[in-house]
Every structure is written in C-alpha cells, then in structure tokens.
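In what follows, every chain begins at residue 1, and chains take the letters A, B, ... in the order their sequences are listed.
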Amino acid sequence: MSTIGYGKRGASNLTWLRNKMVKTPAKKQSTLFSFFNKTPTRGVALSSIKAVETRKRIDNTKGKKRKVGDVVDITDDETSENSKRTTLHKVVRENDSDKNTALGSTDFELTDEERQWLFREALAANRNYCGVGECSSTHMNNTALNSAQSLPKYKVTQERLVTSKSVVALDIDRQPGMVKVEGGSGDLQLTTTSPAVTHSVPVKKENVISNLAEIAMPSKGGVLFLDMSQTFSELEKESGRIKNSFVLIRFIWRVLCESQDELIEAVYLLMGMLAPSYENIALGVGSASLAKIIVDTTGSNRNTFRALASEHGDMGEAAYRLAPKQRSQMFVVQKKALRMSTVHSQLLHLSKISGSKAQSKREGVLRKLFVGSSPVEMKYLVRLCELNLRVGAAPKTILTCLAYSLYMYLHLNIVTEEEYVKYDLNQLRKDPDVQIATQSLLSAYSRCPNPRVVLETALRLKDIKGLAENCPLTPGIPVKPMLGKPVTSIHALMEKLQDAMKSNKFSADQSNNQEKQDAAVKYIKPEEKAGQEHLTAQQPFVKVEHDLHINTESPSIFCCETKYDGQRVQVHRLSDGTYRFFSRNLLDNQAWPDLIPMLQQSAAQAQARTSGLLSDEVGTANLDAKAKANAGDESIVRVSADAGNTSVSFIIDAEVVAVRRNEKKPEQRAILPFQTLSTRGRNNVEVGRINVQVCLMIFDIMLYDDRALTSIPLLGRRRTLQRVFDVIPGCVEFTDSIETSSEAEVTAHYRKSIVIGEGLMCKRLTDVYETGERGDSWFKLKKDYIVEADAPAKAQPETGESCKDGEGAEKSLCGDSLDLVPIAAWRGMGRKAKWYSPYLLAAYDRETGYYHSVCKVMSGFTDEVYKRFHRDMTMEGLSSKPSDYIVSDTFRPAIWFPPTRVWEIRGADLTISPVHTAGQGMVAEDSNKGVSFRFPRFIRERAAEDKAPEDATSTAEVVEMFFAQGQKIDSGIRDDE
DNA sequence: GCTGTCTGCCCC
DNA sequence: ATTCTGC
DNA sequence: GCAGAATGGGCAGACAGC
C-alpha cells in the first residue's frame, strides 16, 4: 500500500527529503519513492503502519479472482518484486445495474513524472491535495469515515461507501455541504449532522480521472497560499529581525518571479491587510464567529477548542492542532491548491456581506476556505481573519522587505534561483543604494498608503529609488499623520528639545532636498556663524518664503500647543470642492458633515481678509444658524464662494472636540469631555439631527493649492495656516499655542493646557512634516505621565503616597493613581499565554465590605512581574467568585483571587462605565452605571504592611474623584477672545 | 419592535 | 490609548 | 530607538433571536 497523505512534518525531515529529492536523479526517484512509503516520517507514520497490515491481508488473497469489493493494494509490482514499479489497480464494479457507477476497470501506472510530482507533493507536506492509497475495506471504511468526518459535520454512511480499490478524488470545492466525487466507483454518501442534509454523490464515469497527474497537479504553478503560510511559520519560529527579513525578501522575490499577477494580493496578505485603510474594509468576523467556524470545520467541540486556544494563547494554533491531518488517506483528494489571490478575494468578499443572515453567509465563505486548507494554511487563515498575523513582521517590515525584493528583481535583475543564492543579502543591506530605495518606498507609502499604487508605480517605472517622487501627496488620499512621543516631565521635554537642536536637522543636505521636493517653496537656510554648533534662542533661525508671501521669522525654537481630548482628523478639500475626513488610522470618516460649512466659511473669510475683499455678508454670517442647515444646503458655500476661490485644495491636521457653543453666556460655553464626543453618530450623520456640536482645532497643514507643504518647517506651515483660515469661535479654531524657547513659558502653558485639554504638544518649529511615524519630533506631555518627583510644582509632601489630589488642595500637576485590589484574572494570549493577563481590579466599599470592579489592567507589568504574580497568585486562586465581589456577570475570568493585595494603578481619567461597578448608581442619573479608569496601567504592588485591601481606594473615593475631575472639565471654559 | 451580543485595520 | 521586549 | 505585540475603556452600529 502506498499512501501519501499530508500532515505536519518535522522541518528537518522535510528539508532532508527535499534535498534528497533535488539531488537524486530522476531514475532513482522511484526507489526513493518506495523508501518514502516505508519511512515513518511524521504524518505518514499512521498510514505506513496500516500498510503493513494491509499487505499481509492482500497476500492472503493472492491467486483468488478479484471481485468487486476486494481489496487491491497499491504495491510494488507483484510480478517483479525488485523492479519497485508502483502500480495503481483499480477494480470497480463491473456489471453494475447502476449506470452511474459502472465504470469498467482501469489499471494504470504512474509515470516517472507523476511519481516525482506526487513525491514532491508529499514532501511539501501540507500541499495536501494529493493522497493516494488503498487499503482493506475495513481500514478503508474507517479511514474514509475519519476523512469524511473531518469535513465539517459530515458523517459517512458506511455501507454505502465507495467500494475500495479506486482512485477517488474528492473535490471539496470549498463548498460547505458540497462534496463531489470525481473518480472512483459507487456512491459516496455524506450526511451533514447539522443541519441534517444528506448528499448522495454518485460517481460518474465522466468524472473518472485516468491520469493521476492531471488531478494531482495544480492547474498552474506559482507561489501558493501554502508557501505563504509556511513563510509565516518560519517567521514565527525565528526571532531575529534580520534573519526574518531575509525569509520575507526571498518569499516576495519568489512571488515576483513566479506569481507576479498575485503580487498585490500577496503583499496585502503579508501586511495583514486587504485594502487601503481608507476604503474602510472590515470583515465582520471577530473572535466569537471565528471560534464557531473553527469548531465546525474541524469537527471539534467548543470546549476542546477553547481549552486549546487558551493553552496556546492563539486561536490559529488551536485551529492548526484541530485541523484534520489524515483527511486524504485513502483518496486522491484533489482540492484546488489554495491561491493567495483566492484567499485575498474571499476575505475581501466577507466585508461585502451585510444585511440579515450576514453572519451565516460569512461563516459559509470562511468554511469553504477552511475546509479547503491544510492545517498550516488554516492557522494563518485564522490569523488573517483576525487581521493580526503576529509573526513579528508588521506592515513596515513587509514594506522594507518588499523594497529589497523589488530592488533585486528590478535593479539587479535577479530572476533565477542560481542568481539569487549567489547574492549576499547582508551585503545588500549595507548598500547605500538599497537604503535609498528602501527609504523611497517607505516614504512613498507614508504619503500614499496604498500598496497597489506604490507597487504598480514601481513596476511600471521599473524603479524604486524614484518612487517617493512619483507618489506625491494627493488630496483625497490620506497621509500618515505625525504622532507625538510621550515625555514624562517638563524637564525631560526641555532636554529632548535641546538635544534635538544639537542634532540639528537643518543641514545643507536637507535644505537641498526640500528645494528639490517642493519647488513652490523656497527655503532659505539660516545664517550660521562659522564654527557654530547650533543656533541659539536669540537669533532668528528660520526663514521661509513661498509664493503665499508669508514672512516667517521667529526667535523661538519650538511651539507648544494644547492637546485637546477629542478625535484626530485629517481634513482634505479637493479642488472640486468636496471634503473628505480621515481618522488617525486613515479610515474614511463620515462623521463630520457639519464641519464642511464651517471650514468653508473659515477659508472664505480668510481669503476675503487677505485679498481685501471682505464683504459684510461673509464677515457677519451667522454661522450657528447656518450650521444647523443640512450639509447639502449650499447657502454658506455660495456665500463663501462669492468671496473668492474657496475650492482651493488643502490637507490639514486637526483635532475635533465636542463643544457647547450656542450658550448666550460665554462662560457657559465649554469644551466637553471625550466621552461626550464619542456619543456622536458615526456614519450617515445628518446635520440637522446632530446632538453633539463640534469644533475643529486646527494645528497643521500639509498641502495647500495642490502644493505639498510637508517639506517646509513647522513655522512656515503655521504661518500658512494662520493666513488661509480664519477663526470662527466654537467652530474652527487654532489650537491654543505659544512659540517659545523658555522653560518657564512651557510650564505656564502646560498648566493652562491641563485645564483646557489633556496636556501639551511640543514641536520644533524647524521640523518638516514627516509623514509616517519615524520622525518623532513631536512630544506630548500629559498629566498622567508625570511622576511625582518630576511634577513642576513640588507642592506635594513626600509621603510615599501616590500623587493624588487632597481635599481642598491645589490641583496637582501630575495624574491620578488608585490603589486597587486584584480580584480576578484571565489567561493571556500570544506571548502572554503563560501568564495572567489582564487582571481585574476592584475598589473597596467600606460601608458594605464589598469589592467593586474598576478596571482591568494589562499594561505596566514586566515579564518578571508577570511570572511572579502568576506563580504566587495561582496558589491563592479560588475556583469561583466570592460573594462579596460585585462585578458584571459578563466577565468570566479564568481565576478569582482572595482580596490580599493592593496595586497602585495609574490612569488618565475616571469615566462613567457601563460595565464596572464601583460607585454604581451614584454617578449617572437613572442608571446603574459605575466608574472606571481610562488608560489603566500597573505601577507597583504595595507592601502588605503599607496598605491592606481594606485601605485600598474606596468606592466612595472613586466617586469623589470622578466628580472632582468632572467639575474641572465643565468649568474649563475656553478663552474665546 | 425590542434586547442582547458582537464588532471595530473603532476612537481614545 | 500605554507599556514592555528583542533587536 | 524602533518595531512589534498585547492588551485597557467605551461608544455606535449591525445583527440575531425572540
């Protein structure tokens, strides 16, 4: 008997065999083949053992005339034992009344080519679409049963099984509920267990496959999803970034050479994406439905799956382990090799499913994919569905590797294996030319985050180094926003800014670059005295002129802006006058139609002001009245348009905040908390029914009138901004900012900013807008980052207590922390699978003696601390929830703890919580809502003698603190004038 | 039509 | 959002 | 210092199920 199934095979075996294969001349491969049959490599072992039993039985039947139902093995040629020729015998029902199954008898041999191919397939382990073999009827039935049962919820009616001895091809066709027999004899009857549907599949003559190669070989070559899955697998095993990047480079290079038509899909999948983010693709498949589908398609059950997923901290791994590995033992199972483009299009298809029964339709699509995949493929299909590959290579790494691969392919013209292996990738890494190419691609992507555009541009131009220039900023396509880096004290901030000045970015090189990149802007290098290391605060150091005639000179080194607690938006106005809004993560954001007339007004006023055309109509426009108009109402647009050309394109960076702006008394106008903003509708927002008013706080401009401003310094961009927009109080404003070089002024602005907003942003005025994230020249300072010792006002006596506001005391300049009791925990996922994560924390109600949950924490623990807590607290663990713990019953932690510890937890704000129970009923009218903690993180464990659980922050204190900050927010009136 | 559950390259 | 880890 | 990973609170929206 020879059976080639598929299954997990040790890498060493696989490699060894593969090498053997490559090095063995074709003639000898038949020998190898039989060796393979008898060698219990993992995954074939089971079949091999059974093969022995089978062979014995066959020996007993020798000499008898074969009848239908007899077992004929695939053995070495019976007539010449030594020749090792392999024959497949097919014995089928002759004389069968059922015409569908009367097939006649066919014997055929494997050609060398076919055998070789089969061998390869077997070696490829999970390229599973080929399994050849036959066995005793008992064995066959069992195997068939197993095979079929491993399909989603099928069971096989045994007595109607195909009668042995045939090459049967099952084409599952990735159709749940559809199993098609393409060859063989008899009926294959499969019954689904849920729902109860029976498929009786007659084996038709026309489906008999006479040429094994025909069925077994993939329709075309190229790089398959299997190859991709194995690449992922390799990445996960290794931790070295460089080593892994070589694996990726090779893979992408292979795709370039062998499957270029699928390159884009491949790159998307590698990046864990399906489309540019601004296309707002969402699969609608989360962990719950994924779990269900995995359970279904592996024929497993919920508890087994859960246990496995929890043990490994990974649903993909659980799927991998549950996926049937012996599926094709007795069949030649042909499933079309899963192609990367198929995976991509099927997943994309998921996102397009909506409406009633959407869930089951999505499950159907996924089932098809899963059933048609091998374990490794399944593992990464699961990960892809989670859009979280976690193989240590996120989009940026992929893009870097893509640049290398493209470089090798396009610039070095490496297109064959021989050429490839000759190349030293380590050498390549150091090549300045390659580095330029890499930077160029990354830069292109950050300005045009659309893999398809970048790739197609590269392939069209056959060039990567010039990619950046050929992927310009485009209104309508979001750019990656600059992000701020947290700093923990004003002192640290000043140091960073000074350091930044020393490593002066204003080298001659850069200014040349800027001139090249942006012809519209002329940058004049600051005059430098010979030998001067860096510029001092006293001298004007930036001067930018461009054709907006903005004179920008400033003695200041940096600017400080209030950081508002709202939502980041990138606003684009296209030259046709349409507006688009993008979120921080570059999603197309439909939530702000009411901003359109405001911006239009602001731009029109500015235009009128600067061109001296300010009309009364524009100047006195009652925006509040107009803002209530529908977005489609052109009144404002028309009025503004009269004032000048307001369809000039722009891209600006801003924060949307919720405001109360329509109050008559100015002191009642206010910026509202983030939680209020978040209650606004998200899509199909109708201007007339908006319940939360918003104000746009603008702070940067990246493009104006189709000219990129990203390469001019912040100072120039700020001046441009102030020129092309007018403030409309409560609607469009600039962030409250100062330009300064003095620590005292920074501190003063910080004090102001933590009242108005959530902190301070500090930026060097010399910095260009570096789309993408690598330029960390923006710093953010928030109250809760600041540690006590570094607080600007050293008003707090050193008590060892956390930095908390005392009653009546002046507000401290550092954030809140709570002393909470860990009462439960879940098991971590991924790299935290060995530990508890997150922990559930509670405050103590001193009146009732109950513990009420406040938040979960997963941040702030080092691995060591995780280890220690896991070790110690497992022993303390309780199997069920103590009755004095008041927590939402939707929480199902893995373990509960007695109240023995107190942890200091730091966070930003206290929020009204629909799930946490501390202060329940005391903070929101007519509701049972409690209080929770935003951005919680673990700081340290308090010594038992220092603080007992009963001394932890009480629920009453939590409520008190909530109201204390609430007052602050409500009274935080903007200084409108 | 109401409620509960799940999802989100969600927003922070 | 925050934070830690490996490179 | 970067890149990656693992998670926090809480909202609207979309479905499923009654």
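A:Asn589 comes within contact range of the sugar-phosphate backbone alone, with a heavy-atom separation under 4.0 Å but no base atom that close. Among the protein residues, A:Leu586 comes within range of no part of the nucleic acid, since none of its heavy atoms lies under 4.0 Å from any strand. Using a 4.0 Å heavy-atom criterion, one finds that A:Leu677 contacts no nucleic acid atom at all. In this structure, A:Met273 reaches the bases: a heavy-atom distance under 4.0 Å links it to at least one base atom across the strands shown. Residue A:Gly907 is classed as having no contact, given no heavy-atom separation below 4.0 Å to the nucleic acid. Within 4.0 Å of A:Val391, counting heavy atoms only, lie sugar-phosphate atoms of the nucleic acid but no base atom.
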For a quick test of your reading: what N or O donor-acceptor pairs under 3.5 Å do the side chains of residues 383-394 of chain A make, sequence neighbours left out?
| unit_1 | atom_1 | unit_2 | atom_2 | d |
| --- | --- | --- | --- | --- |
| A:Arg383 | NE | A:Asp314 | OD1 | 3.1 |
| A:Arg383 | NE | A:Asp314 | OD2 | 3.2 |
| A:Arg383 | NH1 | A:Glu236 | OE2 | 3.3 |
| A:Arg383 | NH1 | A:Leu389 | O | 2.7 |
| A:Arg383 | NH2 | A:Glu236 | OE2 | 2.8 |
| A:Arg383 | NH2 | A:Asp314 | OD2 | 2.5 |
| A:Arg390 | NH2 | A:Asp314 | OD1 | 2.8 |

Please tabulate, for side-chain N and O atoms in residues 821-833 of chain A, each donor-acceptor pair with protein atoms closer than 3.5 Å (sequence neighbours left out).
| unit_1 | atom_1 | unit_2 | atom_2 | d |
| --- | --- | --- | --- | --- |
| A:Trp826 | NE1 | A:Arg892 | O | 3.2 |
| A:Arg831 | NH2 | A:Asp863 | OD2 | 2.8 |
| A:Lys832 | NZ | A:Met858 | O | 3.2 |
| A:Lys832 | NZ | A:Tyr866 | OH | 3.0 |

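Of all nucleotides in DNA chain B, those with any atom nearer than 4.0 Å to a heavy atom of chain A start and finish, going 5' to 3', at B:dC6 to B:dC12.
Distance CG (A:Leu840) to C1' (D:dG9): 13 Å, rounded to an integer number of Å. Rounded to whole Å, atom C1' of D:dG8 lies 9 Å from atom NE2 of A:His916. Taking atom CG on A:Leu248 and atom P on D:dA3, their separation rounds to 15 Å, with Å as the unit. If you measure from atom CG of A:Asn388 to atom C1' of D:dA5, you get 8 Å, rounded to the nearest angstrom. Taking atom NE2 of A:His312 as the reference point, atom C1' of D:dA6 lies 19 Å away to the nearest angstrom. Atom CG of A:Leu818 is separated from atom P of D:dG8 by 17 Å (rounded to the nearest Å). If you measure from atom CH2 of A:Trp835 to atom P of D:dA5, you get 15 Å, rounded to the nearest angstrom. Nucleotide D:dG8 holds its C1' atom 14 Å from the CH2 atom of A:Trp903, rounded to whole Å.
Atom name C1', nucleotides C:dT3 and B:dT7: the rounded distance is 25 Å, in whole Å. Rounded to whole Å, the separation between the C1' atoms of D:dA5 and B:dC9 comes to 15 Å.
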- [ ] At under 4.0 Å between heavy atoms, which parts of nucleotides 1-7 of chain C does protein reach? Answer with one letter per nucleotide, 5' to 3': B base, S sugar-phosphate only, - none.
- [x] SBSSSBB
Open item on the list: At under 4.0 Å between heavy atoms, how does the protein contact nucleotides 13-18 of chain D? Give one character per nucleotide, 5' to 3', with B, S or -.
Closed with: S-SS--
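With respect to A:His916, the ring pair (Phe, Tyr, Trp, His ring centres under 6.0 Å) criterion is satisfied by exactly one of A:Phe891, A:Phe962, A:Tyr851: A:Phe891.
For A:Thr911, a side-chain nitrogen or oxygen approaches OP1 or OP2 of D:dG10 to under 4.0 Å. For A:Gln675, no side-chain nitrogen or oxygen approaches OP1 or OP2 of D:dG9 to under 4.0 Å. OP1 or OP2 of D:dA3 has at least one side-chain nitrogen or oxygen of A:Lys396 nearer than 4.0 Å.
With 3.5 Å as the limit, one finds a donor-acceptor pair spanning the side chains of A:Tyr278 and A:Asn450. For the residue pair A:Ser817 and A:Glu904, a side-chain donor N or O sits within less than 3.5 Å of a side-chain acceptor on the partner. Side chain to side chain, A:Asn684 and A:Glu686 fail the donor-acceptor criterion of an N or O pair below 3.5 Å. When only modelled atom types and interatomic distance are considered, A:Ser913 and A:Ser932 share no side-chain donor-acceptor pair under 3.5 Å.
Pairs of Watson-Crick or G-U wobble type, with distances under 3.5 Å, assemble into runs of 3 or more in DNA chain D at these ranges: B:1-8 with D:11-18, B:10-12 with D:8-10, C:1-7 with D:1-7.
Under a 4.0 Å N-O distance rule, the pair A:Glu311/A:Lys834 does not qualify as a salt bridge. Between A:Arg906 and A:Asp784 no salt bridge is recorded (no basic side-chain N to carboxylate O distance below 4.0 Å). Salt-bridge formation is not detected for the pair A:Lys783/A:Glu758: no Lys NZ or Arg NE/NH1/NH2 atom is positioned less than 4.0 Å from an Asp or Glu carboxylate oxygen. A salt bridge links A:Asp653 with A:Arg568: the closest approach of a Lys/Arg side-chain nitrogen to an acidic carboxylate oxygen falls below 4.0 angstrom.
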- [ ] Kindly determine whether A:Gln570 and A:His572 satisfy side-chain hydrogen bond (donor to acceptor under 3.5 Å, both in side chains), including the steps that lead there.
- [x] CA-CA 7 Å; A:Gln570 192 176 107; A:His572 289 228; 2.8 Å; yes
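Sequence order on DNA chain B of the closest nucleotides to A:Glu655 and A:Thr890 puts A:Thr890 first from the 5' end. Where A:Leu274 and A:Val569 meet DNA chain B, the nucleotide closest to each residue was compared, and A:Leu274 sits on the side nearer the 5' end.
Under the 30°/60° scheme for interplanar angles, the aromatic rings of A:Trp903 and A:Phe869 are found to lie parallel.
Looking at A:Val694 and A:Val657, their side chains never come closer than 4.5 Å, going by heavy atoms from C-beta outward. A:Ile264 has its side chain within reach of A:Tyr268: a pair of non-hydrogen atoms, C-beta onward, lies under 4.5 Å apart.
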